[in-house]
Protein chains: 2
Amino acid sequence: MNPNLEIMDKTLKRMATMHRMQTAGLELFYANGYYATSVDDILNKLSLSKGAFYYHFESKEDFFVQIIQNLLSRKVYSCLIEPIEGFSNPLQSINSCFEEALETAVHNEMDFGCVLNNFLTEFRGRNEVIMKHLNEILSIWEVNLVSTLQKGKFNGHIDRHVDCEAAATYLMSSYFGIRTLMVGAAPSARKYRFMSQLKMYLKTLEPKKVAV
Amino acid sequence: MNPNLEIMDKTLKRMATMHRMQTAGLELFYANGYYATSVDDILNKLSLSKGAFYYHFESKEDFFVQIIQNLLSRKVYSCLIEPIEGFSNPLQSINSCFEEALETAVHNEMDFGCVLNNFLTEFRGRNEVIMKHLNEILSIWEVNLVSTLQKGKFNGHIDRHVDCEAAATYLMSSYFGIRTLMVGAAPSARKYRFMSQLKMYLKTLEPKKVAV
DNA sequence: ACATAAACCGACCAAGTGGTCGGTTTTCAT
DNA sequence: ATGAAAACCGACCACTTGGTCGGTTTATGT
């Protein structure tokens, strides 16, 4: 038998169960917080036992780190990075990316920018290991945003005097912040207001027409 | 004896102890989170006993609500509202208010905007009673920001086409967000970048010079 | 000095927590 | 069919949590 297939077979069920646990885990961790969610909560939801959990994962922390690597980081990439990079006008793609991300937030679906924001504040100063992984995702987002903005400079969509690092910081800030505000009252109205001002800000990044 | 003085006397020691507990409580709740801080943690810090705690407070939740009302709401008012309202040019006072608030954050001191942000994300969907109190503070901040901006319109410091509610939302968002980012790496650099872009945004609110 | 009430103590409780472990069931190549 | 490994079970453990309560200390008005 093909050794690769053998490995696949061996790991197939394992992978499936682990994936179920991770998906359910992320949902509950997002809804109730990491510390407020017990391993039993997750297991009850899946009708699994403690034995199954600790057969697959070393600890609750190890479990969460794997969730970050397998689910969160990929989702952040596909929701916040991919939709922005590779288009000619970064100002446009940033605008529609934020628009779309906030729209899922209005419908109370899981918005992975919000997930990242929540976990960043929950683990800060409490768990260095997990913070390291979260900061890594944050850093990837930041680097991509900066390089996309710089590419926009090169393509003439962004004024050459713009400080791209600063713009990236400001964009990330406003995005994280609006997620905090939106989960409260009137998310739809707040989204609309936010987007209108975001457009104003993005306009300041456009090339100034030089009076020749 | 003066009955008022009597009441004062009676409540003096009570107030002092309660205040000590609340101050220590806020510190620990801010540093470690509400759910991750036990009542015993607070009592150990003060060398007090369970009995003392439950003599003064009904429950951990009641304790926290009183912290919000007695400490947090006042501090938010004095740090984020008072420095903004009552000055002629709101764009200037907002700028220097944020500048100052972020400066305390750089020095790792307690910044009450950050406190509010952290608690908002910690209790969201987990404790309605506490959320109600936090949202109240948030709402007060928002209302004051909006009315200050509108006053600025009236005084000619802000363009009359500006949507003040939207601007307030955007300002609050960016502020909450930068607090999330700053507690991570390079807070000082991030503060500087943030402030530079905030100035850009505030400029978009200035009155457009009409070409007559 | 004494009585009374406010302030405080700390052993205790039930309910949960993350994690362990000896054992049972499933799966599957031979 | 069978044997062995992988997957899963659930009772159990040590520990922590918020909260209770009978009792002791401290302050105060008379």
Side-chain angles (χ1 to χ4, degrees), chain A residues 1-25 28-29 31-67 122-123 126-127 129-130, chain B residues 1-25 28-29 31-67 122-123 126-127 129-130:
Chain A
M1 192 184 212
N2 185 321
N4 282 333
L5 273 183
E6 193 180 342
I7 288 170
M8 285 297 291
D9 264 356
K10 257 190 188 165
T11 54
L12 205 61
K13 180 145 198 227
R14 178 179 186 82
M15 292 293 279
T17 308
M18 287 174 82
H19 192 264
R20 278 179 67 216
M21 286 181 180
Q22 289 174 15
T23 306
L28 290 178
F29 287 146
N32 309 321
Y34 174 82
Y35 293 107
T37 303
S38 69
V39 175
D40 278 326
D41 289 339
I42 297 160
L43 295 169
N44 284 337
K45 187 174 177 178
L46 299 173
S47 298
L48 283 172
S49 67
K50 273 272 174 64
F53 184 87
Y54 284 95
Y55 174 74
H56 291 293
F57 302 98
E58 275 184 15
S59 64
K60 191 187 180 187
E61 181 179 301
D62 166 60
F63 176 58
F64 190 75
V65 169
Q66 292 205 37
I67 288 181
E122 181 167 10
F123 289 109
R126 272 152 238 170
N127 187 317
V129 178
I130 292 181
Chain B
M1 195 182 210
N2 184 322
N4 282 333
L5 272 182
E6 194 179 341
I7 288 171
M8 284 298 290
D9 264 356
K10 257 189 189 167
T11 52
L12 206 61
K13 180 144 199 227
R14 177 179 187 83
M15 294 292 281
T17 308
M18 288 173 82
H19 192 264
R20 276 179 69 214
M21 287 181 178
Q22 289 173 15
T23 306
L28 290 178
F29 287 146
N32 310 321
Y34 174 83
Y35 292 108
T37 302
S38 69
V39 175
D40 278 327
D41 289 340
I42 298 160
L43 294 170
N44 284 337
K45 187 174 177 179
L46 300 173
S47 299
L48 284 172
S49 67
K50 272 270 173 67
F53 184 87
Y54 284 96
Y55 174 75
H56 290 292
F57 303 98
E58 275 184 16
S59 62
K60 189 187 180 186
E61 181 180 303
D62 166 60
F63 175 59
F64 191 74
V65 169
Q66 293 205 36
I67 288 181
E122 180 167 11
F123 289 109
R126 271 153 239 170
N127 188 317
V129 178
I130 291 180

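Everything numeric here is computed off the predicted structure, so don't read it as measured data. Labels below follow one simple rule: chain letters A, B, ... track the order of the sequence lines, proteins then strands, and each chain is numbered from 1.
Among D:dC8, C:dA6, C:dG19, the nucleotide with an atom closest to any side-chain atom of B:Tyr55 is C:dA6. Side-chain atoms of A:His56 lie closest to D:dC8 of the nucleotides D:dG18, C:dA7, D:dC8. Comparing D:dC9, D:dT17, C:dC9 by their closest approach to the side chain of B:Ser49 singles out C:dC9.
If you take OH of B:Tyr35 and C1' of D:dT16, they are 17 Å apart, rounded to a whole angstrom. C:dC8 atom C1' lies 15 Å from atom CG of B:Asn44, rounded to whole Å. Rounded to whole angstrom, the span from the CZ atom of A:Phe53 across to the C1' atom of D:dA7 amounts to 15 Å. In this entry the distance linking OH of A:Tyr34 with P of C:dT17 reads 13 Å, nearest Å. Rounded to a whole Å, the CG atom of B:Leu28 is 12 Å from the P atom of D:dT17. Nucleotide D:dA7 holds its P atom 12 Å from the CE atom of A:Met15, rounded to whole Å. The CG-C1' distance, from B:Leu46 to C:dA7, rounds to 15 Å in whole Å. Rounded to whole Å, the distance from CD1 on B:Ile42 to P on D:dG19 is 11 Å.
OP1 or OP2 of C:dG19 sits under 4.0 Å from a side-chain N or O of A:Tyr54. In terms of phosphate contacts, A:Thr17 brings no side-chain nitrogen or oxygen within less than 4.0 Å of OP1 or OP2 of D:dA7. Look at B:Ser59 and you won't find any side-chain N or O under 4.0 angstrom from OP1 or OP2 of D:dG18. For A:Ser38, a side-chain nitrogen or oxygen approaches OP1 or OP2 of C:dT17 to under 4.0 Å.
With DNA chain D read from its 5' end, the first of the two nearest nucleotides for B:Gly51 and B:Lys60 is the one closest to B:Lys60.
Between A:Tyr34 and A:Phe29, the ring centre distance stays below 6.0 Å.
You'll find a donor-acceptor pair under 3.5 Å spanning the side chain of B:Lys50 and the base of D:dG19, going by distance alone.
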Report task. Show your reasoning for whether side-chain contact (heavy atoms from CB on, under 4.5 Å) applies to B:Phe63 and B:Val39. Result -> CA-CA 10 Å; B:Phe63 175 59; B:Val39 175; over 6 Å; no
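The side-chain heavy atoms of A:Glu122 and B:Glu122, taken from C-beta on, include no pair separated by under 4.5 Å. A 4.5 Å side-chain heavy-atom check between B:Thr17 and B:Leu48 finds at least one atom pair inside the cut-off.
The closest side-chain donor-acceptor pair between B:Ser59 and B:Asp62, if any, does not fall under 3.5 angstrom.
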